[in-house]
Amino acid sequence: MDFLLLNISTILVVFLLIYVMTRKDHNQLQKIFCCNLICVFIIGFGVLMQNLCTKYLNFDPIYFEYFIYIGTCFIPVCIFFTGLIFTKTKIHFKKWYVLLFIVPVLSLLILWTNPIHHLFYDSYSSNINECVYGPYITIHHIYTYFLLFIGAFYLTKFSIKNSGFFSKQSVLIVVGISVPIIVSLLGSFKIIPMTVYITPISFAITVICLTLAIFKFNFLKIAPIALQRIVDRISDSYIVLNENNVITDFNETFLTTFKLKSNDVRNKDIINLIQKFNEHNINTDSLLITLNKVKSSNNTFYYEKHFESVNKYFNIEINDIKSNGKYVGTLILLKDITQHIRDMETIKQNQDMLVEKERLASLGQLVGGIAHNLKTPIMSIAGAAEGLTDLAKEYDSSIGDPEVNDQDHHEIAHDMSEWIEKIKTHTSYMSDIITAVKGQAVTLNENEEDSFTINELVKRVNILMKHELKNALIDMNINMNVDDMISLSGNVNSLVQVINNIISNAIQAYNGETNKCIDLSFNKDDNNIVISVQDYGCGMTNEVKDKLFKEMITTKGKNGTGLGMFMSYSTIRGHFSGDITFESTVR
């Protein structure tokens with residue numbers, strides 16, 4: 001029976017060796033596996049020849065042991081490199097690796113010269129229990145089992161990490177590696193009676209287990225190994241659930257992000273895991289409903305959640321995994337957006353600061369405008385008051401004067417009426433200024449929508465820009481090519497602020513030159529009102545043109561923030577469903 005099993009296992013090794021060697025995509029793992037197969041073949045073929053030749057040709061079995069031990073000495077080294085390559089995907093041969101071959105080569109030399117010193121065998125027999133070992137065999141066994149254990153450790157550890165402890169691939173590897181190690185230990189310490197057939201048969205079992213791993217579970221394909229290493233390095237976390245919502249797979253990023261260990265996650269129910277880590281802000285009932293929907297839907301479900309246990313924000317995508325159109329699992333992808341949210345908060349804070357700065361600058365301009373625009377009417381009212389005071393004195397002194405007749409009284413009353421009319425005109429003008437300025441100040445904090453006429457718009461622009469234009473010695477021509485009583489809808493103060501900002505920029509385009517003009521034109525294009533502000537200044541450079549309206553840019557140096565045109569564009573687009581365009585030529 002042992003002889004038949006040995007024949008079958010040797011033939012299987014030969015076929016498997018041919019298959020692996022004839023594959024086109026040879027990688028390191030396949031090459032080292034070929035070395036394992038060659039070592040097993042040497043052992044199996046050597047034992048077969050030993051059995052046949054000693055039985056029928058009366059050869060001394062020790063000579064075949066010399067050949068068999070070539071495979072026996074080097075297979076531990078091969079298994080060690082198999083585990084190393086399986087773990088790292090690919091290795092670069094280092095100089096110290098040569099040291100691993102010293103003991104196997106020394107063992108062969110001592111075995112081949114055994115008749116001289118009997119360090120390996122004091123007495124050899126094909127029945128292992130009848131062998132009497134020499135002193136060197138202890139060194140050989142320790143080194144052999146050390147490499148076998150290290151190689152087995154690498155293989156089982158990475159397979160469990162990659163596929164789970166109870167995966168079929170892991171079970172096959174553990175069983176395949178364990179059998180020859182256990183058998184060798186039992187035979188070496190003479191715990192059970194063993195013949196030379198046992199060693200090659202035990203390694204044949206290893207080959208059979210690894211064969212199943214090759215053909216059924218892609219043990220030798222580098223892609224699953226490399227893929228696992230890739231997903232462990234990606235910045236996004238993921239977990240895979242089976243149909244019972246039990247976690248079957250995950251990447252290293254997930255463990256690192258949530259400060260978990262593999263045993264905390266693998267084969268654990270996702271709902272129980274969330275509850276265990278006190279994620280109270282996650283509605284598990286809603287999550288369970290979503291997971292059930294995913295099983296029968298091709299849609300991707302999106303969520304944004306804050307995980308309190310790690311103080312991070314995530315975009316969560318939940319998808320189904322299908323094979324041949326059938327549901328096999330659920331993929332949950334967690335994209336860490338914590339830094340993005342913090343950056344957005346910082347940007348918002350900076351924008352709020354800039355907007356506040358621009359608001360204060362605008363208020364400063366309004367205060368300056370109020371002071372200058374009210375100065376003239378106030379002085380005029382003061383002059384009128386003085387005139388009225390003089391007339392009052394004149395009238396008071398005329399009482400009882402026989403030379404003052406009725407005509408004189410009428411003239412004094414007439415002069416008083418003229419001064420009163422002038423005061424009314426100036427106070428009306430001041431009232432208009434205050435109304436316009438009040439609305440302009442309010443629009444910095446509120447957004448109201450109402451109906452207003454073009455005439456009202458122009459009136460407010462004139463009032464607020466009068467001082468700035470006069471101070472710059474620049475005239476503004478208003479070209480009204482539409483009915484000025486046309487009604488517009490929106491916040492009139494917002495539109496006034498936009499037009500004033502453009503006019504201010506037009507004034508600054510003259511770089512202090514005086515006796516210039518600006519054209520403010522109103523035209524109609526279909527159902528749209530086109531408001532144009534034209535100056536005849538120096539024009540804009542291409543750099544400014546490319547950035548205008550797209551970002552905050554200023555040509556005023558430290559005197560500007562770049563928010564004016566940027567906010568004007570946003571106001572017209574957002575509040576009036578309009579657009580701002582420009583034409584400019586550098587002069």
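This one's a predicted model, so the numbers in the text were calculated from it and none came from an experiment.
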Open item on the list: What's the separation between atom SG in Cys34 and atom CD1 in Ile18, rounded to the nearest 0.5 Å?
Closed with: 11.0 Å
Task: Nearest-0.5 Å distance, OG1 of residue Thr290 to CG of residue Asp285 - done: 11.0 Å
Open item on the list: Measuring only between side-chain heavy atoms, which start at C-beta, is Phe307 closer than 4.5 Å to Leu334?
Closed with: yes
TODO: May I ask you to test the Asn245-Lys295 pair for a side-chain heavy-atom distance under 4.5 Å?
DONE: yes
Open item on the list: Return the CZ to CD1 distance between Phe314 and Ile341, rounded to the nearest 0.5 Å.
Closed with: 10.5 Å
Open item on the list: Is the shortest side-chain heavy-atom distance between Ile318 and Tyr303 below 4.5 Å?
Closed with: yes
- [ ] Go through Ile68 and Val47 one step at a time and tell me if the side-chain contact (heavy atoms from CB on, under 4.5 Å) criterion holds.
- [x] CA-CA 7 Å; Ile68 292 168; Val47 171; 3.7 Å; yes
- [ ] Please name the pair of heavy atoms, one in Asp269 and one in Asn244, separated by the smallest distance, quoted to 0.1 Å.
- [x] OD2-O, 3.8 Å
Open item on the list: I need the Ser262 OG to Phe250 CZ distance, nearest 0.5 Å.
Closed with: 3.5 Å
Open item on the list: What I want to check is whether the side chains of Tyr124 and Glu65 have a donor and an acceptor closer together than 3.5 Å.
Closed with: yes
Open item on the list: Check this for me: Phe93, atom CZ, are more than 12 non-hydrogen atoms of other residues, nucleotides or ligands nearer than 6.0 Å?
Closed with: yes
Task: 4.5 Å side-chain heavy-atom contact, Leu288 and Ile271 - done: yes
Task: Residues Cys35, Phe74; criterion side-chain contact (heavy atoms from CB on, under 4.5 Å); working and verdict - done: CA-CA 9 Å; Cys35 295; Phe74 286 106; over 6 Å; no
Open item on the list: Tell me if a side-chain donor or acceptor on Lys305 pairs with a main-chain N or O of Ile316 at a distance below 3.5 Å.
Closed with: no
Open item on the list: Please check: side-chain N/O of Asn114 versus main-chain N/O of Tyr121, any donor-acceptor pairing under 3.5 Å?
Closed with: yes
Open item on the list: Taking atom CZ as the centre, does Phe146 end up with more than 12 heavy-atom neighbours from other residues, nucleotides or ligands that are less than 6.0 angstrom away?
Closed with: no
Open item on the list: Show the nearest heavy-atom pair for residues Tyr327 and Asp320, with the distance to one decimal.
Closed with: CD1-CB, 4.0 Å
- [ ] Classify the angle between the aromatic ring planes of Phe258 and Phe254 as parallel (below 30°), tilted (30 to 60°) or perpendicular (above 60°).
- [x] tilted
Can you list, pair by pair, the side-chain donor-acceptor contacts under 3.5 Å of residues 96-110, counting residues two or more places apart and other chains?
residue: Ser107; atom: OG; partner: Val103; partner atom: O; Å: 2.9
residue: Ser107; atom: OG; partner: Tyr136; partner atom: OH; Å: 2.7
residue: Ser107; atom: OG; partner: His140; partner atom: ND1; Å: 3.1

Task: Reported CD1-to-NZ distance for the pair Ile337 and Lys312, which is rounded to 0.5 angstrom - done: 11.5 Å
TODO: Could you tell me which non-hydrogen atom of Lys335 sits nearest to which non-hydrogen atom of Glu317, and how far apart they are?
DONE: NZ-OE2, 3.1 Å
TODO: Taking all heavy atoms of Ser237 and all of Thr257, pick out the closest pair and write down the distance.
DONE: OG-OG1, 3.5 Å
Open item on the list: Is it the case that over 12 heavy atoms from other parts of the model lie below 6.0 angstrom from the NZ atom of Lys268?
Closed with: yes
TODO: Using a 4.5 Å cut-off on heavy atoms from C-beta on, say whether the side chain of Thr330 contacts that of Leu291.
DONE: yes
Open item on the list: Nearest 0.5 Å, please: how far is CD1 in Ile321 from CG in Asp249?
Closed with: 8.5 Å
Open item on the list: Check for me whether the distance between the ring centres of Phe120 and Tyr69 falls short of 6.0 Å.
Closed with: yes
TODO: Show your working on side-chain contact (heavy atoms from CB on, under 4.5 Å) between Phe67 and Ile42 and close with a plain yes or no.
DONE: CA-CA 7 Å; Phe67 175 75; Ile42 290 172; 3.7 Å; yes
- [ ] Apply the side chain to side chain contact (heavy atoms under 4.5 Å, CB included) test between His141 and each candidate in Ile137, Thr138, Ile139; give the one that qualifies.
- [x] Ile137
- [ ] Answer yes or no: is there a donor N or O on one side and an acceptor on the other, between the side chain of Asp122 and the main chain of His118, under 3.5 Å?
- [x] no
Task: Trace of the side-chain contact (heavy atoms from CB on, under 4.5 Å) decision for Phe41 with Val14 - done: CA-CA 7 Å; Phe41 172 75; Val14 171; 3.5 Å; yes
Open item on the list: Could you check whether atom NE2 of His340 has more than 12 heavy atoms from other residues, nucleotides or ligands sitting under 6.0 Å from it?
Closed with: no
Task: Nearest atoms (heavy-atom pairs only) where Ile247 meets Ile270 - done: CD1-CD1, 4.1 Å
Open item on the list: Taking side chain to side chain contact (heavy atoms under 4.5 Å, CB included) as the criterion, tell me which of Ile38, Leu48, Thr72 meets it with Ile43.
Closed with: Thr72
- [ ] Assess the side chains of Thr82 and Asn36: does a donor N or O sit below 3.5 Å from an acceptor N or O?
- [x] yes
- [ ] Would you name the heavy atoms of Leu273 and Asp264 that are closest together and state the gap between them?
- [x] CD1-O, 3.5 Å
- [ ] Evaluate the side-chain proximity of Asn315 to Tyr302: yes if any heavy-atom separation is below 4.5 Å, no if none is.
- [x] no
